[in-house]
Number of protein chains: 2
Amino acid sequence: MTDSCIIRHFEHYAELGQDDRELLDSLEKTPKDFSKGQLIWQQGMESDHFYTVRSGWACSFRNMEDGSRQVQDLYVPGDIVGLREFAFRRRVSNLLTVTNTTLCPFPKNRLTDVFSTSRLLCNLFFLIAARDQAILVERLINLGRRTAREKVAHFLLEMAHRLDKACMDVHDCNHLPLTQVLLADALGMSTVHANRTLNELKQESLTALGPDGITLLDRDGLKDVAGFDPEYLDADVEGLLKNIGAPASSQPA
Amino acid sequence: MTDSCIIRHFEHYAELGQDDRELLDSLEKTPKDFSKGQLIWQQGMESDHFYTVRSGWACSFRNMEDGSRQVQDLYVPGDIVGLREFAFRRRVSNLLTVTNTTLCPFPKNRLTDVFSTSRLLCNLFFLIAARDQAILVERLINLGRRTAREKVAHFLLEMAHRLDKACMDVHDCNHLPLTQVLLADALGMSTVHANRTLNELKQESLTALGPDGITLLDRDGLKDVAGFDPEYLDADVEGLLKNIGAPASSQPA
DNA sequence: GACCGAACATAACCTATGTTATGTCGCAGT
DNA sequence: ACTGCGACATAACATAGGTTATGTTCGGTC
């Protein structure tokens with residue numbers, strides 16, 4: 001298997017031709033290591049690259065005037081970070097590493113070349129953007145219409161499910177390297193209440209808390225709490241491939 | 001000017017070549033009229049088309065188990081509805097008209113043809129998807145980290161700003177045909193509280209309430225309340241066009 | 001091995017917002 | 001003209017979740 005992040009990423013979905021691989025390979029830059037808690041970009045900076053996550057976790061967020069923070073999304077191995085900023089010259093949010101992380105940079109304005117050169121990759125990029133939207137919508141629903149308990153359970157399940165699918169070098173998909181502060185900021189609640197809720201779930205043996213994050217003990221139980229349905233995470237790659245007449249990946253999706 | 005919704009939509013951004021126009025024209029179907037309060041599609045239905053809004057308003061939403069509703073987004077003239085579903089075989093949300101509406105259907109799986117045929121359109125579609133994401137993220141922040149007052153003010157400003165940009169046959173961009181129920185469902189709050197908040201803003205002469213919707217009276221005042229910054233709505237079309245070497249639209253963006 | 005700062009825990013108290021209930025108004029249909 | 005319904009208004013009351021405060025634990029560092 002290739003060493004390139006982004007090739008690896010796409011081969012997860014579909015079998016790439018030699019052309020596609022070469023194209024991607026020529027554009028991707030060498031991976032960069034970031035340590036935990038490092039600010040990778042800041043609102044207002046020029047948005048010239050996006051990244052593929054090779055290992056580790058990152059999050060995008062925005063600082064509010066009152067000093068609080070809203071985390072917009074978390075990124076796990078295999079995710080593409082910063083596609084959103086395709087439409088903007090400057091970054092509209094901050095990006096921070098959650099753990100030690102390796103990212104592969106890709107120049108934003110070369111995306112255009114990819115679009116015109118590879119029908120397959122163009123469509124896959126679009127599919128990914130659509131799935132990203134679906135994730136945002138689901139979080140919207142989480143924030144708007146669920147209780148703290150439901151929010152937390154739902155969010156944990158989503159991240160675990162995304163880890164499952166990432167299927168990269170992740171060992172234990174039930175373990176999430178999240179601090180309670182981060183969780184609270186992602187779910188629009190206070191740290192104190194995040195703690196309360198998490199401990200509640202712990203009492204019920206649904207989760208476990210360690211110094212290095214949160215562990216899911218009982219996914220079915222959590223599912224009952226949250227009403228979680230992973231449908232929105234499962235993009236219809238096969239349908240797309242069939243539509244554009246491309247061979248599917250040999251790997252299971 | 002053309003009669004096609006989608007051509008009109010894109011010409012708003014950039015000058016289309018004759019090829020592009022013909023391509024779009026061949027794919028778009030004849031406009032369809034819907035009356036106020038009509039359910040256009042439902043969760044679970046096959047997602048075979050997306051729509052361009054020619055006139056009127058629509059909203060996408062999801063019904064929750066407890067009977068409540070979360071509105072995901074509103075669509076105004078010029079918007080494209082349903083691009084999100086590109087990644088999914090079935091619709092992941094419901095679509096409802098807010099007013100009488102005219103929509104132009106476009107078969108989803110022909111998008112692929114557009115991508116491979118027109119470099120310009122492909123990039124514009126991607127830009128639109130990215131802007132849609134930015135809108136969702138901003139709503140996320142709204143729900144997560146703002147008070148009811150701020151939420152309402154921010155949301156009203158966003159919609160007004162989007163109307164400004166739509167620049168289609170909209171007469172008064174300060175008038176939004178929203179019911180209080182809809183507003184509440186979009187902002188994840190109760191109708192009662194939406195009413196309270198709206199009346200508060202009305203006391204301060206920031207908005208006016210009529211039987212047919214909400215009117216913005218003092219955008220600057222609302223801006224002060226909400227801390228609204230329209231940056232996330234203003235996609236960098238020029239940068240994109242320059243990057244792909246296409247001529248800009250003669251019309252002001 | 002003393003010090004420091006994250007992250008976590010817990011309690012007491014407070015408030016923004018939800019809930020329930022009831023009433024008015026205007027308008028569409030009969 | 002009567003009825004019914006949907007949108008809006010408002011008041012009384014309930015509560016989920018925020019805020020403030022204080023303490024513990026633990027890993028890093030000089």
Side-chain angles (χ1 to χ4, degrees), chain A residues 35-38 57 59 64 66-71 96-100 142-153 155 175-203 207-215 225, chain B residues 35-38 57 59 64 66-71 96-100 142-153 155 175-203 207-215 225:
Chain A
S35 60
K36 177 176 174 170
Q38 212 174 330
W57 288 46
C59 72
M64 306 299 292
D66 65 352
S68 68
R69 199 172 66 148
Q70 176 66 45
V71 168
L96 184 75
T97 56
V98 173
T99 65
N100 291 337
N142 224 8
L143 294 199
R145 291 290 173 203
R146 286 199 255 255
T147 66
R149 251 176 90 80
E150 293 166 345
K151 280 184 203 179
V152 170
F155 182 73
H175 180 262
L176 314 178
L178 298 173
T179 68
Q180 300 187 4
V181 178
L182 193 64
L183 186 80
D185 284 343
L187 296 177
M189 52 202 274
S190 69
T191 323
V192 176
H193 202 55
N195 179 273
R196 278 198 280 252
T197 309
L198 234 20
N199 275 312
E200 202 179 298
L201 295 175
K202 179 176 149 196
Q203 295 305 325
T207 61
L209 306 179
D212 50 351
I214 301 168
T215 304
V225 171
Chain B
S35 59
K36 178 176 173 170
Q38 213 174 329
W57 288 46
C59 73
M64 307 298 293
D66 66 353
S68 68
R69 200 173 66 148
Q70 176 66 45
V71 168
L96 184 74
T97 56
V98 173
T99 64
N100 291 337
N142 224 8
L143 295 198
R145 290 290 173 204
R146 285 198 258 256
T147 65
R149 251 178 90 80
E150 294 164 345
K151 280 184 203 180
V152 170
F155 182 72
H175 179 263
L176 314 177
L178 299 172
T179 68
Q180 300 187 4
V181 178
L182 192 63
L183 185 81
D185 285 344
L187 296 177
M189 53 201 276
S190 70
T191 323
V192 176
H193 203 56
N195 180 273
R196 277 199 280 252
T197 310
L198 234 20
N199 274 311
E200 202 180 297
L201 296 176
K202 179 175 146 194
Q203 295 304 325
T207 61
L209 307 178
D212 51 351
I214 302 169
T215 304
V225 171

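Note that this is a predicted model, so its numbers are computed, not measured.
If you take CG of B:Leu209 and P of D:dG6, they are 21 Å apart, rounded to a whole angstrom. Between the P atom of D:dA7 and the NZ atom of B:Lys202 lies a distance of 18 Å, rounded to the nearest Å. Atom CG of B:Leu198 and atom P of D:dT10 are 12 Å apart (whole Å). Counting to the nearest Å, the C1' atom of C:dC8 and the CG atom of A:Asn199 are 9 Å from each other. The separation between B:Arg69 atom CZ and D:dG6 atom P is 13 Å, rounded to whole Å. D:dG6 atom C1' lies 14 Å from atom CG of B:Leu96, rounded to whole Å.
Residues meeting the side-chain contact (heavy atoms from CB on, under 4.5 Å) test with A:Thr191, sequence neighbours left out: A:Val181. For B:Val98, the side-chain contact (heavy atoms from CB on, under 4.5 Å) test picks out B:Trp57, B:Cys59, B:Leu74, B:Leu182, with sequence neighbours left out. Not counting sequence neighbours, the partners of B:Thr97 by the side-chain contact (heavy atoms from CB on, under 4.5 Å) test are B:Phe34, B:Gln38, B:Ile40, B:Thr101. A search for side-chain hydrogen bond (donor to acceptor under 3.5 Å, both in side chains) contacts involving A:Asp185 returns A:Arg69, B:Arg145, not counting sequence neighbours. Legend: residues meeting side-chain contact (heavy atoms from CB on, under 4.5 Å) with B:Lys36, ordered by chain and number and at least two apart, are B:Asn100. Partners of A:Arg196 by salt bridge (charged side-chain N to carboxylate O under 4.0 Å, His left out), not counting sequence neighbours: none found. With sequence neighbours left out, B:Thr99 forms a side-chain hydrogen bond (donor to acceptor under 3.5 Å, both in side chains) with no residue at all. Evaluation of the side-chain hydrogen bond (donor to acceptor under 3.5 Å, both in side chains) rule for B:Asn199 yields B:Asn195 as partners, not counting sequence neighbours.
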What string of B, S and - do you get for nucleotides 22-30 of chain D, 5' to 3', if B is base contact, S is sugar-phosphate-only contact and - is no contact with any protein heavy atom under 4.0 Å?
---------
How would you summarise protein contacts on nucleotides 12-30 of chain C per nucleotide, using B for base, S for sugar-phosphate only and - for none, with heavy-atom distances below 4.0 Å?
B----SBBB----------
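An angle of 40°, rounded to 10°, separates the two end axes of the helix from C:dG1-D:dC30 to C:dT30-D:dA1, each defined over five pairs.
Judged by distance alone, the side chain of B:Gln70 and the main-chain N or O of B:Ala186 form a donor-acceptor pair under 3.5 Å. A:Ser68 places no side-chain N or O within 3.5 Å of a backbone atom of A:Met64 that could act as its donor or acceptor partner.
Put simply, A:Gln180 has a side-chain N or O that comes within less than 4.0 Å of OP1 or OP2 on C:dA9. Contact check, A:Asn195 against C:dC8: no side-chain N or O comes under 4.0 Å of OP1 or OP2.
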Assess the residue pair B:Thr147 and B:Lys151 against the criterion (side chain to side chain contact (heavy atoms under 4.5 Å, CB included)); give the C-alpha distance rounded to whole Å, side-chain angles, the decisive distance to 0.1 Å, and a yes or no.
CA-CA 6 Å; B:Thr147 65; B:Lys151 280 184 203 180; over 6 Å; no
